[in-house]
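Since the structure comes first, as C-alpha cells, the remarks are kept for the end.
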Amino acid sequence: MTLSGRFVLLLALGVVPVVLFGLDTVAATGVLLLWLLVVFVLGALDLVLAASPRAVTVERMLPARVRLGESVTSELYLTNTGRRRLVGVVRDAWQPSAGAGHNRSRVVIPSGERRLVSLTLTPFRRGERRVEQVTVRSRGPLGLWNRQATLNAPGRIRVLPPFHARKHLPSRITRLKELDGRTSVMVRGQGTEFDSLREYVRGDDVRSIDWRATARRNDVMVRTWRPERDRRVVILLDTGRTSAARVDNEPRLDTAFEASLLLAALTSVAGDRVDFLAFDRRVRGRVQGASGAALLSQMVDSMALIEPELIEMDWAAVPGQVRSITSQHALVVVLTSVDAAGASTGLLSVLPQLTKRHTVVVASVLDPATVLAAATRGGRDEIYRAAAAERALLDVARVSAAIRRLGADVVTASPEQLPPALADRYIALKAAGRL
C-alpha cells in the first residue's frame, strides 16, 4: 500500500477549521480526530475498491542484441485477470545503464483485457543489461491510497560494441582488390600462389610460360599469380589492467575492439582465417573456426561481455595460448600497451618466442592529449606539462624500438586512427608476402 499526495493534502485540510474558528484545545483535538477518522475511512474504502495489481500478468518481448549507442524498444504486455478495472502506473525496473529514461507509464486496463507498454532503451554501456521486476501501482477511485505489487518479469539484452571503424572497411577492401589485380600478372614470388592460366601477350615475362598447357592448347599460355590466401591471423587482446585506462574518453579495451573487428572483417574478405583471443591470466573470450558473417557475429558477442581486469597480464602464458590455436606460421597481432619500459618487460620477454615462428605486429593506442601537451609550451605550467609529455613519448619510442629489434612490427596511433592504421599494416604485409 502507498499513500498519494492527494491523501496528504486532504489530511492537512483538517487544520483549516481549527485556524479559522480559533477553537480551544479540547474542541480542536476533537475536530482533528474526527477528521482523521473520516480521511482514514475514505482511504481504506479507496484501497478496497482499487483493482489488485497481483491480478496482472506480465509478458515481455525484447530483441536479443543491440549495438552500443543504438535504440531498441522493450515491449510489456499487461493482462488484467481481475474483476475490477485497473487504473495506475507501471514502472519497468531496468538497470540505469540500459538508458530507459522515463520508465513510468500510466495504464488503464479493463477487466479481462490486455495493454501494451512500450519503452525505448538507449544503452550507454556494453555487456548484458538486465531487468528482473515490474512494479504495478493500482489507484483507487478516489486516488487516496494505492495498492502496489512488484511482479517478476526477467529480461536481458546484450549490448554489442558499436564498431564505428566499419566506415574504413570499403576503402581497405578496394585496396585489397587492387592488390590482387596488380599482382596477378607478376612473376611468382614469396607470398603468392597460382591463380589461373591465360594466353600470352607481348610483354609478358617468358618465365611465366606454362609449357605443358602450351602443348595441350597448341597456343602459348602463361601462369598468373595472386597473393596467398588461407593464411592464419591470430588477434590477441590484452584485457589486463592497462586496458582499463581511458584514452580520448574511451577505455583502451574499446579501441582494441574496434581495431580487432576491422582487421577481422578485412582478413575475412581477403580469404584468410582469423582467430580471436582475449586473455590476461585466463581466457576471457575466444573465437575459432568461424568465417564470413559468422566471424564478426561471434566476435562482437564475445566482446560484449569482456571488461578490463585489474590484474597484471600473464605474458609467459601467451606463447602457449598461440600454440593452442595454431602450430603453423601465422600473423599474430597483439593489442596491448607500450607506454613504459617497466610495464612492457613481460611483452619484450616473450616476443622472441613468438617472432621465431610467426610474423608479429604489436598495436597500441597513443594518447592524443600527450601529443598535444608536448606541442603546447606557453606558460611555466605548460612547459612542465610538455616535458612530462615528451618523457612519455620517448618511453613509447624506446619500447617500440626494442620491439622492432626483436623482430616484430609496431603500430601506434590515436584511438580514431589505430583501426585503419592496423588494417593498412596488414595490407602492406600481404603485399610484401610476409604472411
Side-chain angles (χ1 to χ4, degrees), residues 68 125-128 158-161 163 232-248 250-264 274-290 295 298-326 330-355 357-358 360-367 395-396 399-400 402-403 406 408 410-412 415 418-419 422:
L68 184 66
R125 285 189 61 187
R126 282 185 301 102
E128 275 198 342
R158 182 165 292 188
V159 185
L160 308 177
F163 194 18
R232 297 298 295 266
V233 178
V234 179
I235 302 174
L236 176 65
L237 201 63
D238 174 8
T239 59
R241 62 177 182 82
T242 57
S243 66
R246 297 188 72 84
V247 178
D248 205 11
E250 73 174 13
R252 288 187 180 192
L253 187 64
D254 287 9
T255 303
F257 285 161
E258 293 285 318
S260 300
L261 290 171
L262 181 62
L263 181 61
V274 183
D275 300 295
F276 171 77
L277 178 68
F279 182 78
D280 41 64
R281 288 177 180 252
R282 64 182 180 88
V283 176
R284 306 291 175 178
R286 184 194 293 265
V287 176
Q288 282 186 258
L295 172 64
Q298 292 184 29
M299 283 183 67
V300 293
D301 256 357
S302 176
M303 290 173 177
L305 303 179
I306 298 174
E307 295 292 343
E309 301 292 333
L310 299 182
I311 56 178
E312 198 68 37
M313 174 74 166
D314 184 9
W315 288 107
V318 168
Q321 292 292 334
V322 174
R323 282 195 299 271
S324 69
I325 294 175
T326 178
L331 170 63
V332 178
V333 179
V334 182
L335 289 137
T336 184
S337 167
V338 294
D339 285 349
S344 303
T345 303
L347 170 64
L348 296 175
S349 66
V350 300
L351 274 181
Q353 300 178 53
L354 293 175
T355 55
R357 304 187 62 178
H358 307 288
V360 181
V361 175
V362 179
S364 177
V365 182
L366 189 63
D367 192 350
D395 287 341
V396 172
V399 175
S400 300
I403 291 173
L406 293 172
V410 183
V411 177
T412 57
L418 183 63
L422 185 57

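When reading the values below, keep in mind they use all heavy atoms of this one structure, side chains included, and skip hydrogens, waters and symmetry mates.
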Determine the minimum heavy-atom distance between Ala244 and Pro251, stating which atoms define it.
O-CB, 4.5 Å

Heavy-atom pair with the smallest gap, counting every atom of Pro161 and Val300
CD-O, 3.6 Å

Does the side chain of Arg252 reach to within under 4.5 Å of the side chain of Asp339, using non-hydrogen atoms?
yes

When you look at Phe279 and Arg284, which way does the side chain to side chain contact (heavy atoms under 4.5 Å, CB included) test go after all the steps?
CA-CA 6 Å; Phe279 182 78; Arg284 306 291 175 178; over 6 Å; no

Do Gln321 and Leu277 make a side-chain contact, defined as non-hydrogen atoms from C-beta onward lying under 4.5 Å apart?
yes

Can you name the nearest heavy-atom pair linking Leu253 to Ile306, along with the distance?
CD2-O, 3.9 Å

Test your reading of the model: is there a side-chain donor-acceptor pair from Ser349 to the backbone of Gly346, 3.5 Å cut-off?
yes

Got Leu295 and Val287 here, is their nearest side-chain heavy-atom distance under 4.5 Å?
yes

Checking Thr255 side chain against Pro415 main chain: does a donor-acceptor pair fall under 3.5 Å?
no

Is the shortest side-chain heavy-atom distance between Leu348 and Leu351 below 4.5 Å?
yes

Euclidean distance, Leu354 CG relative to Arg323 CZ, rounded to 0.5 Å
9.0 Å

Quick one: are Leu305 and Glu128 in side-chain contact, heavy atoms under 4.5 Å?
yes

Using distance only, find each side-chain donor-acceptor pair of residues 310-319 under 3.5 Å and give its atom names and separation, not counting sequence neighbours.
unit_1	atom_1	unit_2	atom_2	d
Glu312	OE1	Arg241	NE	2.7
Glu312	OE1	Arg241	NH2	3.4

So, Ser364 side chain and Val338 main chain: donor-acceptor pair closer than 3.5 Å or not?
yes

Do Asp238 and Leu347 have side chains that get closer than 4.5 Å, going by heavy atoms?
no

Apply side chain to side chain contact (heavy atoms under 4.5 Å, CB included) to the pair Met303 and Leu261, showing each step before the final yes or no.
CA-CA 10 Å; Met303 290 173 177; Leu261 290 171; 3.9 Å; yes

List the steps, then state whether side chain to side chain contact (heavy atoms under 4.5 Å, CB included) holds for Val333 with Leu422.
CA-CA 9 Å; Val333 179; Leu422 185 57; 3.9 Å; yes

Measuring from Thr326:OG1 to Leu331:CG, what's the distance to the nearest 0.5 Å?
11.5 Å

Between OG on residue Ser400 and CG on residue Asp395, distance to nearest 0.5 Å:
10.5 Å

Minimal heavy-atom distance between Gly240 and Pro308, with the atoms involved, is O-CB, 4.4 Å

Criterion side chain to side chain contact (heavy atoms under 4.5 Å, CB included) on Asp254 and Arg126, from CA distance to verdict
CA-CA 10 Å; Asp254 287 9; Arg126 282 185 301 102; 3.3 Å; yes

How long is the straight-line distance from CZ of Arg282 back to CD of Glu309, given to the nearest 0.5 Å?
6.5 Å

Heavy-atom nearest pair, Met299 first then Ser260, reads CE-O, 3.9 Å

Validation row: Val322, Arg357 side chains within 4.5 angstrom (heavy atoms):
no

Within the structure provided, determine whether Ile325 and Arg286 are in side-chain contact (heavy-atom separation under 4.5 Å).
yes

Tell me which one of Val283, Asp280, Thr336, Leu335 satisfies side chain to side chain contact (heavy atoms under 4.5 Å, CB included) with Thr239.
Asp280

